[in-house]
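Below is one structure, written out as structure tokens, with a few remarks after it.
In what follows, chains are A, B, ... by sequence order, proteins preceding strands, each numbered from 1.
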There are 2 protein chains.
Amino acid sequence: MRMGEGVEWAAHACVLLSALPDGTGLPAAAIAAYHDVPPAYLAKHMQALARAGIVTSARGAAGGYRLARPPQEISLMQIADAVDGSEPAFRCTEIRQRGPCGAKPEECTKTCGIAAAFWAAERAYRRQLEGVSLAAIVASLTGRPDPGKFARVKAWLEQNANG
Amino acid sequence: MRMGEGVEWAAHACVLLSALPDGTGLPAAAIAAYHDVPPAYLAKHMQALARAGIVTSARGAAGGYRLARPPQEISLMQIADAVDGSEPAFRCTEIRQRGPCGAKPEECTKTCGIAAAFWAAERAYRRQLEGVSLAAIVASLTGRPDPGKFARVKAWLEQNANG
DNA sequence: TATATGCCGGATGAAAAATATCCGCAATGA
DNA sequence: TCATTGCGGATATTTTTCATCCGGCATATA
């Protein structure tokens with residue numbers, strides 16, 4: 001079971017956007033350059049974030065992406081859902097209804113116990129990620145003292161942001 | 001993010017094996033026939049279960065698979081790990097070290113906050129599945145009254161088991 | 001010992017999904 | 001108008017998953 005790497009890209013992109021000066025936008029190409037990832041492919045993921053309402057996009061000259069809401073109101077779960085989809089990892093194919101001793105559909109009023117157990121575990125996973133906000137992630141990064149790095153990032157943003 | 005369907009097959013196979021009469025073995029072909037899944041492919045997953053020590057295999061005539069321990073001591077997590085692998089779903093590619101403002105390796109003593117959050121969620125997922133035993137699954141199935149079905153399964157097993 | 005059964009592991013192939021790029025279009029500011 | 005930028009679809013490439021087959025070995029039974 002593996003998660004698409006686009007989720008990692010999108011999460012880091014949102015962290016970067018959280019440091020973006022107010023009233024400005026950051027083009028997808030700049031976000032890709034900052035992280036050294038394929039521009040065209042990252043653009044796809046940014047579009048997914050926009051469709052999910054996590055970021056807003058502005059077209060045309062001086063356009064770009066910015067966060068749609070404050071970082072406290074964006075969770076990692078929302079980002080993962082937007083990029084990777086929100087379908088459950090475990091798919092029940094109703095094996096119990098197949099084969100020589102298969103159960104009839106009318107006997108299967110309750111969900112299969114195996115599927116129920118896996119889905120419960122996925123709920124635990126989701127509950128955990130829903131509790132992690134972008135703000136918390138940013139806080140964990142800037143928590144350690146590193147003023148020089150912070151200044152460099154700020155300078156890079158001001159150079160590459162539009163607006 | 002999706003889980004391989006082999007996990008579902010393996011879980012159902014273990015449930016079936018838990019009803020197997022003592023001292024007998026069930027060939028992979030019989031397990032596949034019972035669930036109406038591809039025999040050669042299911043055999044692969046059964047081999048994975050055997051390598052993980054969840055089932056034991058006996059070769060030759062009158063051989064087959066059986067559970068290696070009582071159902072109370074087998075968890076869904078163990079089955080999923082055996083079949084799907086136990087690598088984490090989220091892979092950190094150390095994006096923070098790339099790009100024009102990338103951090104130097106010596107600055108990255110702590111794991112990336114994003115990776116840490118996803119891995120914490122995966123731990124919650126695992127903890128949940130570790131708490132679900134095969135015995136609990138079986139109990140949830142036989143809990144509702146269905147004596148006829150139970151008898152049919154038993155008869156099928158006695159017809160197809162070896163030993 | 002001969003034979004049939006059945007697991008083991010590797011090689012191989014087919015299908016699906018993830019990864020990645022490109023292009024035409026629409027929108028927007030200079 | 002023109003350069004810039006996001007949007008969506010089409011397409012190509014790579015990787016992973018799904019699935020089968022085969023030779024080899026182990027074991028019970030006759």
Side-chain angles (χ1 to χ4, degrees), chain A residues 1-10 13 17 23-33 35-66 68 80 82-85 87 89-91 93 160-163, chain B residues 1-10 13 17 23-33 35-66 68 80 82-85 87 89-91 93 160-163:
Chain A
M1 189 165 59
R2 81 187 299 165
M3 164 166 287
E5 63 182 334
V7 173
E8 188 189 7
W9 298 1
L17 288 181
T24 68
L26 196 59
I31 303 175
H35 294 109
D36 188 26
V37 296
Y41 196 29
L42 178 82
K44 279 269 185 283
H45 294 315
M46 294 309 298
Q47 287 173 31
L49 289 177
R51 270 192 300 272
I54 294 168
V55 302
T56 60
S57 59
R59 303 211 245 200
Y65 289 98
R66 72 191 68 179
V83 175
D84 224 41
E87 290 168 21
F90 182 92
R91 327 272 169 109
T93 61
N160 291 89
N162 291 328
Chain B
M1 193 167 56
R2 79 189 297 164
M3 164 165 287
E5 63 181 336
V7 173
E8 188 189 7
W9 299 1
L17 288 181
T24 68
L26 197 58
I31 303 175
H35 294 111
D36 189 23
V37 296
Y41 196 29
L42 178 80
K44 279 268 184 281
H45 294 314
M46 293 309 298
Q47 288 172 31
L49 289 177
R51 272 193 299 272
I54 294 169
V55 302
T56 61
S57 60
R59 303 213 244 200
Y65 289 98
R66 73 192 67 182
V83 174
D84 224 40
E87 288 167 24
F90 183 91
R91 327 272 170 109
T93 62
N160 291 87
N162 290 328

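- The nearest whole Å value for the distance from the CG atom in B:N160 to the P atom in C:dG6 is 10 Å.
- One end of the helix from C:dT1-D:dA30 to C:dA30-D:dT1 points its axis 10° away from the other end's axis, with each axis taken from 5 pairs and the angle rounded to 10°.
- When the side-chain nitrogen and oxygen atoms of B:N162 are compared with OP1 and OP2 of C:dG6, one or more of them lie within a distance under 4.0 Å.
- Protein atom CD of B:E87 is 12 Å distant from nucleotide atom C1' of D:dT16, rounded to whole Å.
- Rounded to whole Å, the distance from OH on B:Y65 to P on D:dA26 is 16 Å.
- Between B:E87 and A:R2, every side-chain heavy-atom pair lies at or beyond the 4.5 Å cut-off.
- Closest heavy-atom contact between B:A43 and B:Y65: O-OH, 4.3 Å.
- Using a distance-only test at 3.5 Å, with no hydrogens or angles considered, a donor-acceptor pair links the side chain of A:N162 to the main chain of A:G63.
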Item checked: Summary of protein contacts for nucleotides 14-22 of chain C, nucleotide by nucleotide, where a base hit scores B, a sugar-phosphate-only hit scores S (4.0 Å, heavy atoms) -> ---S-BBB-
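- For the contact set between residues 23-33 of chain B and DNA chain D, defined by any heavy atom under 4.0 Å, there are no members.
- For the atom pair CG of B:L49 and NZ of B:K44, the computed distance is 13.5 Å after rounding to the nearest 0.5 Å.
- Here the closest heavy-atom approach between residue A:N160 and residue A:P27 is recorded as O-CD, 3.8 Å.
- To the nearest 0.5 Å, the span separating CG on B:L17 from CZ on B:R66 amounts to 10.0 Å.
- In this structure, CD in B:E5 is found 12.5 Å from CE in B:M3, a value given to the nearest 0.5 Å.
- By the side chain to side chain donor-acceptor pair (under 3.5 Å) test, B:T93 is found to be paired with A:E8, residues two or more places apart in sequence or in another chain being considered.
- Closest approach of B:A89 and B:M1 over heavy atoms only: CB-SD, 3.5 Å.
- Considering all non-hydrogen atoms of both residues, B:V55 and B:M46 come closest at CG2-O, 4.0 Å.
- The minimum heavy-atom distance linking B:V83 with B:A10 is given by the pair CG2-CB, 3.5 Å.
- Taking the side-chain contact (heavy atoms from CB on, under 4.5 Å) definition, one finds that A:A40 meets it with nothing, sequence neighbours left out.
- Near DNA chain C, meaning a heavy atom under 4.0 Å away, the residues from residues 53-61 of chain B are B:S57, B:A58, B:R59, B:G60, B:A61.
- Rounded to whole Å, the distance from CD on B:Q47 to P on C:dG6 is 15 Å.
- Closest non-hydrogen pair, B:L42 versus B:A32, comes out as CD2-N, 3.5 Å.
- Atoms CG (A:L49) and C1' (D:dG8) sit 16 Å apart, rounded to a whole Å.
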